> 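Would you mind keeping the following structure in view while I ask a few things?
For clarity, every value in this text was computed on a predicted model and none was experimentally measured.
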Amino acid sequence: MCSRDCALRTLLHSAHGDVVLSLYQPATLPLLGFAVSSLLGLAEHEKAKQIKISALKCLQVLVLQCDCQEHRCLDADEAQRCGDLFASFLPGISITLSRVITGDLKQGHKPTVSAIRLFYLIVGLVMADAQLARVPKNKEKLPVEQSRISELMVHRGPDWSKSTAEKLLLLLRKIVESSSVHPHWKVRLELVELVQHLLQNCSRSLVDSFSHLLKALVGLVNDENPEVQRRCQEVLQGMAEQGMVAQNRALADVLSENLHSLATALPRLINTQDDTGKVSTLSLLLGYLKLLGPKINFVLNSTSHLQRLSKALMQVLELDVTDVKIVEERGGGSASPCGPAGSLARRWQRKYFRFFTEEKVFQLLQQVCRVLGYYGNLYLLVDHFTALYSESGMYRKQAAMVLNELLAGAAGMGVDVLREREVSPNVDDLKGSVTSVLDEYTDQANWYLVTSIDAEEISHEHSVQHSKLSARPRGACSSVLLPSPEPPATTRTMNSNIWQICIQLEGIGCFAAVLGREFRLLLLSTLYPVLEKAGDKTLLISETALGTLADICEACGYDSVQSLINENSDYLVNGISLNLRQLVHQPHASQVLDTMLRHSDASLLPLVEDVIQDVLAALDQSYNHQAPTFLRVLHSVMTALVRWFGSSCGEELQAAEGQSRTLSLGPQVVTGQELQQFFLDYVRQKQIAEGDLPDTDEEADEVQPCAKLDPNGPDTEGEAPLPSHAQLAKDTMERCIHLLSDGNLRVRLQALDVLELCVTVLHPHGNHLLPLAHRAWPALVTRLISDDPLAVLRAFKVLCTLAQRCGDFLRQRFSRDVLPALTSSLRSQAPASARAGPIYSHTLAFKLQLAVLQGLGALCQRLDMGESDLNKVADACLIYLSAKQPMKLQEAAQSVFLHLMHMDPDSTWLLLSEICCPDRYRPPHASLQPVQLPGMGRQRDEFTDNILGLLEQLQQWESVEPWAGAHQDPPP
């Protein structure tokens, strides 16, 4: 059989064109029918793969659709006659080939590929639009002697075309469903060729089948095989360039109906399919939109289509807002300052959706929205989705995401299309749409949402939402209609609010990229609210706002966020000043100031100095109500001052510490005059600290014997005035001293934090710092001794900073007022921590123990405590060297003893050796008695490991700088 097929194929190939065409006459129809049926029988039933392939190729040659280049192409009349002739065989050929295509996979891919190729070639010939258009209305009459043959001929009239197209629809559906999921890529590639061939030649006759053909074509765009992907893209690109859809109303209607059906089923499909199925479904939706191109507007003008598509997007884009970590993650405004806009990457947070997890699905949805914005009527789409945004909180986040992508697509940003649009929106159109969306985003009802269980924040948000009139520096109008009282916020509600704010912030950054430098005109209404959110306590919101600021810088041509703030600081400072006077309605002004200070430099200080003075004055008048808010502002100011001016303080401090270390290394030569001046300075500083300020005349009399003062010298003119930043720190510290005894724990904690920063700023100005420290000491001691553990913890941190900055001033006070309480507390807490389990490390008591132990050694060293005080510290900390204590407490106690070794190595060595002494010491002379220590020969206990480690450390130091001369026996 294979040889006969080859012989027939060879015969047809070797015949000349005229000779071959003589075979294709009505008279030879029975002979052709016999050959066709024989070859179809072999192709369908033969088990040998090679014979099946040979039969299909021979049949392809027989119907004049050979792939070789030897045959000349048929002209229009010849093709018309062949089409009339082969129409009689079309039912049998198409049905048989469909069986071969959808047959068992065991037959391999080659017979399937050959069958698909033959199918679309014969169908494309018989059902060609060009041929059907030339078919006469009436059937051609043959001579009487060919009347029997005339009955076999088919008249390709309208009725026959319609009936045949309906039958081919069923076959094409089966072929597409089978071949689109075939495991071999060449079968899928041939399916693409089938679609391309039929779309090109039968766009009118097979229009009803195009829904399945286009579905197959668009579905294969994301095929796993790159060759299939490339060919699909080429076919789609060619369709768009040729205007197949734009110039074919019937095809556009089919696509629009398919789009409507798919949009209707989209929520169900996304909810039930796996990730692969979701990608295929959305790829199909995206392909329909790309093919429609400018015709999208005909679809969008239909209310039914637009409603169905928009509601489908709203349901599919629903976010998962159940994650409690979103609310838990707090930023506290501690983000580092932003550098140049280019160095801060976009930090849009990954979103988690309810119905899908694959990132590819979200990317396809983004492309769907952008293609809509690229081709669609921008005003219609923005108005429609803005209405969805406003009408229901259920759709607000999804509508905001769609609006962001629509405007990005309208500007041509990141959109992948098959053909360019005819008319692009101008800048005024884009700006008008952006402005309307921004007004919705920054409206008080949508911008100030409850995102925390913080009672203060909730009260502020509700006061903002329920205020009838509110002065806003960005000038946006708030709604006159008051919202109804809302129920208490749940975690789900707060998560939803957080995501809504983040999406709106992302939208502002996107709009800046859309408008470019034109966005500078909108900074007056957008920069202030974005800075508010950059200072938000919720980490997700603050990070997103910082990303938005970076996008604004990049779009508007600012070098950095600092440059953005400095060039708009006059407007921002004015808004802050106005809002600080109306804190009941505008509680977020402190966040704006905090963000400005964190992302600017010292050049901003003269602009905000008056605002800070207003804050101090307002704090004096409203201690009871607004103290937390004002202290938050002052904390931001002092943090900025430490960052801007703290380097000089730190350098002076390091120089002083270096000098003290140099003095401790060995004896220094001190003159009598230097010694006298040292004591005079010490007495003077002590008097200032105690508030006992002598008269100028008396002080001059005391100093006269030492050095005669020049009446024109600088001392007679008084001290130089404080720099502005130091004066602010001094004024702030005076307020904080009063607030250290406030009845509200939160206020006391904030006051302690601000006080610590003030001490750091005022360190170079000791004459002003020491009197303030003297005034703050009684309240600070109360916080250390008898207050909430949180306050004790914070107060101890302030004490360590004071010791670092003030030095000798605190030695006697600390020894008298604080040290006994600290050592007593350490001793009383030790048994509890020794018995506690792993959960103890999470308690406040543990954190307080750890903080005291970690800071106590350095505190004693900085204050140069006396021997008796060091012994108290050593006795209190010794019990924490027990192996029963938590490991972190053991390590902290070791750090205390390391500091004690620096100060008094002899006493520390003796104390430790009395507990555990690994060495036996023999006297250097026989007349001396042997050294006997209680720790010698003692068995291992809970203290052994830690004490041996400390003694080993001490021995290493001794080898570098010997301090003892006793001889040692080698350890046993």
> How many angstroms lie between CZ in Arg204 and CG in Leu132, if you round to the nearest 0.5 Å?
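With rounding to 0.5 Å, CZ (Arg204) is 9.0 Å from CG (Leu132).
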> Between Asn201 and Val123, does the side chain to side chain contact (heavy atoms under 4.5 Å, CB included) criterion hold? Intermediate values first, please.
CA-CA 9 Å; Asn201 295 282; Val123 172; over 6 Å; no
> For Ile53 versus Lys110, what's the shortest heavy-atom pair and its separation?
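Of all heavy-atom pairs spanning Ile53 and Lys110, the closest is CD1-CB, 3.5 Å.
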> Is it the case that over 12 heavy atoms from other parts of the model lie below 6.0 angstrom from the OH atom of Tyr379?
yes
> To the closest 0.5 Å, what do you measure between CG (Leu56) and CG (Leu42)?
9.5 Å
> Can you find a heavy atom in the side chain of Leu291 that is under 4.5 Å from one in the side chain of Val218?
yes
> I want to check something: taking the side chain as every heavy atom from C-beta on, are Leu199 and Ser203 in contact at a cut-off of under 4.5 Å?
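A side-chain contact under 4.5 Å is absent here.
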> Taking side chain as C-beta onward, heavy atoms only, is Val235 less than 4.5 Å from Val195?
no
> Less than 4.0 angstrom from a charged side-chain N to a carboxylate O is my criterion; do Glu193 and Arg188 meet it?
no
> Does the side chain to side chain donor-acceptor pair (under 3.5 Å) test come out yes or no for Tyr120 and Glu190, once each step is laid out?
CA-CA 10 Å; Tyr120 69 72; Glu190 200 63 34; 2.8 Å; yes
> Would you say the side-chain atoms of Lys295 pair up with the backbone N or O of Asp253, donor to acceptor, closer than 3.5 Å?
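Not a single qualifying donor-acceptor pair exists.
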> To the nearest 0.5 Å, what is the distance between OG1 on Thr281 and CG on Leu269?
5.0 Å
> Hey, could you give me the OG/NZ distance between Ser283 and Lys215, rounded to the nearest 0.5 Å?
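Ser283 atom OG to Lys215 atom NZ measures 12.5 Å (nearest 0.5 Å).
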> With distance as the sole test, does Gln80 use its side chain to make a donor-acceptor pair with the main-chain N or O of Gln131 at under 3.5 Å?
yes
> To the nearest 0.5 Å, tell me how far Cys510 SG sits from Leu505 CG.
12.5 Å
> State yes or no: are the ring centers of Phe511 and Phe519 separated by less than 6.0 Å?
no
> Return yes if a side-chain donor-acceptor contact under 3.5 Å exists between Ser163 and Lys167, otherwise no.
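Their side chains do contain a donor-acceptor pair, which is all the 3.5 Å distance test asks for.
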> Tell me whether the rings of Phe353 and Phe356 are parallel (<30°), tilted (30 to 60°) or perpendicular (>60°).
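Aromatic pair Phe353/Phe356 classed parallel.
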> Is the shortest distance from a Lys or Arg side-chain nitrogen in Arg134 or Asp77 to a carboxylate oxygen in the other one below 4.0 Å?
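Yes.
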> Begin from the C-alpha positions of Tyr374 and Glu420 and carry the test side chain to side chain donor-acceptor pair (under 3.5 Å) through to its verdict.
CA-CA 9 Å; Tyr374 186 81; Glu420 297 293 329; 2.7 Å; yes
> Output yes when a side-chain donor or acceptor of Ser98 lies under 3.5 Å from a complementary backbone atom of Ile95, and no otherwise.
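Such a contact is found between Ser98 side chain and Ile95 backbone.
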> Would Glu518 and Lys431 pass as an ion pair if we require N to O under 4.0 Å?
yes
> Output yes when a side-chain donor or acceptor of Ser94 lies under 3.5 Å from a complementary backbone atom of Leu90, and no otherwise.
yes
> Is it true that a side-chain atom of Glu422 and a backbone atom of Pro294 form a donor plus acceptor pair closer than 3.5 Å?
no
> Less than 4.5 Å apart, any side-chain heavy atom of Asp320 and any of Phe355?
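They are not in side-chain contact.
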> Any side-chain heavy atom of Leu194 sitting closer than 4.5 Å to one from Phe119?
yes
> Is it true that the side chains of Ser304 and His260 contain a donor and an acceptor less than 3.5 Å apart?
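The criterion, which ignores hydrogens and geometry beyond distance, is satisfied for His260 and Ser304.
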> Heavy atoms only: give me the nearest Gly92-Thr96 pair and the separation to one decimal.
O-OG1, 2.8 Å
> Strictly by modelled atom types, are Thr102 and Arg99 linked by a side-chain donor-acceptor pair under 3.5 Å?
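No - no donor-acceptor pair under 3.5 Å links their side chains.
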> Assess the residue pair Lys290 and Tyr288 against the criterion (side chain to side chain contact (heavy atoms under 4.5 Å, CB included)); give the C-alpha distance rounded to whole Å, side-chain angles, the decisive distance to 0.1 Å, and a yes or no.
CA-CA 6 Å; Lys290 288 182 178 181; Tyr288 286 159; over 6 Å; no
> Can you name the nearest heavy-atom pair linking Leu407 to Ser433, along with the distance?
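Closest approach of Leu407 to Ser433: CD2-CB, 3.7 Å.
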> Quick one, Phe385 with Leu406, criterion side chain to side chain contact (heavy atoms under 4.5 Å, CB included). Give me CA distance, side-chain angles, the key distance, then yes/no.
CA-CA 10 Å; Phe385 283 99; Leu406 283 175; 3.6 Å; yes
> Determine, for Lys360 against Asp275, whether the closest basic-nitrogen to carboxylate-oxygen distance falls under 4.0 angstrom.
no
> Whether Glu318 and Lys397 form a salt bridge (side-chain N of Lys/Arg under 4.0 Å from carboxylate O of Asp/Glu) is what I want to check.
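Result for this pair is no, no salt bridge flagged.
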> Please answer whether the main-chain N or O of Thr276 pairs with a side-chain N or O of Ser280 as donor and acceptor at a distance below 3.5 Å.
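Checking the backbone N and O of Thr276 against the side chain of Ser280, a donor-acceptor pair under 3.5 Å is found.
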> Distance check, rounded to the nearest 0.5 Å: Asn404 atom CG versus Gln366 atom CD?
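Between Asn404 CG and Gln366 CD, I get 10.0 Å after rounding to 0.5 Å.
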> So, for Ile503 and Ala400, which heavy atoms are closest and what is the spacing to 0.1 Å?
CG2-CB, 3.6 Å
> Donor-acceptor check, side chain of Asp223 to backbone of Val228, threshold 3.5 angstrom: yes or no?
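Such a contact is absent between Asp223 side chain and Val228 backbone.
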> Only one of Lys52, Lys186, Gln107 clears side chain to side chain donor-acceptor pair (under 3.5 Å) with Thr112; which?
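Among the candidates, only Gln107 passes.
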> For Ile116 and Val113, what are the C-alpha separation, side-chain angles and deciding distance, and is it a side chain to side chain contact (heavy atoms under 4.5 Å, CB included)?
CA-CA 5 Å; Ile116 293 175; Val113 171; 5.9 Å; no
> Report yes if the side chains of Leu191 and Leu217 come closer than 4.5 Å at any heavy-atom pair, otherwise no.
no
> Determine yes or no for a side-chain-to-main-chain donor-acceptor pair under 3.5 angstrom, with Ser54 supplying the side chain and Gln50 the backbone.
no
> Got Met239 and Leu214 here, is their nearest side-chain heavy-atom distance under 4.5 Å?
yes
> Quick one: closest heavy-atom pair of His384 and Ser310, and the distance?
NE2-OG, 2.9 Å
> If every non-hydrogen atom of Ala55 is compared with every non-hydrogen atom of Leu39, which pair is closest and at what distance?
CB-O, 3.8 Å
> Do His212 and Leu172 make a side-chain contact, defined as non-hydrogen atoms from C-beta onward lying under 4.5 Å apart?
no
> So, the side chain of Asn271 versus the backbone of Pro267: is there a donor-acceptor pair under 3.5 Å, distance only?
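It does not hold such a pair.
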> If we ignore angles and hydrogens, is there a donor and acceptor under 3.5 Å between the side chains of Gln233 and Gln229?
no
> Determine, for Glu234 against Arg230, whether the closest basic-nitrogen to carboxylate-oxygen distance falls under 4.0 angstrom.
yes
> So does Val126 get a backbone contact from the side chain of Arg156, meaning a donor-acceptor N/O pair under 3.5 Å?
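Checked: pair present.
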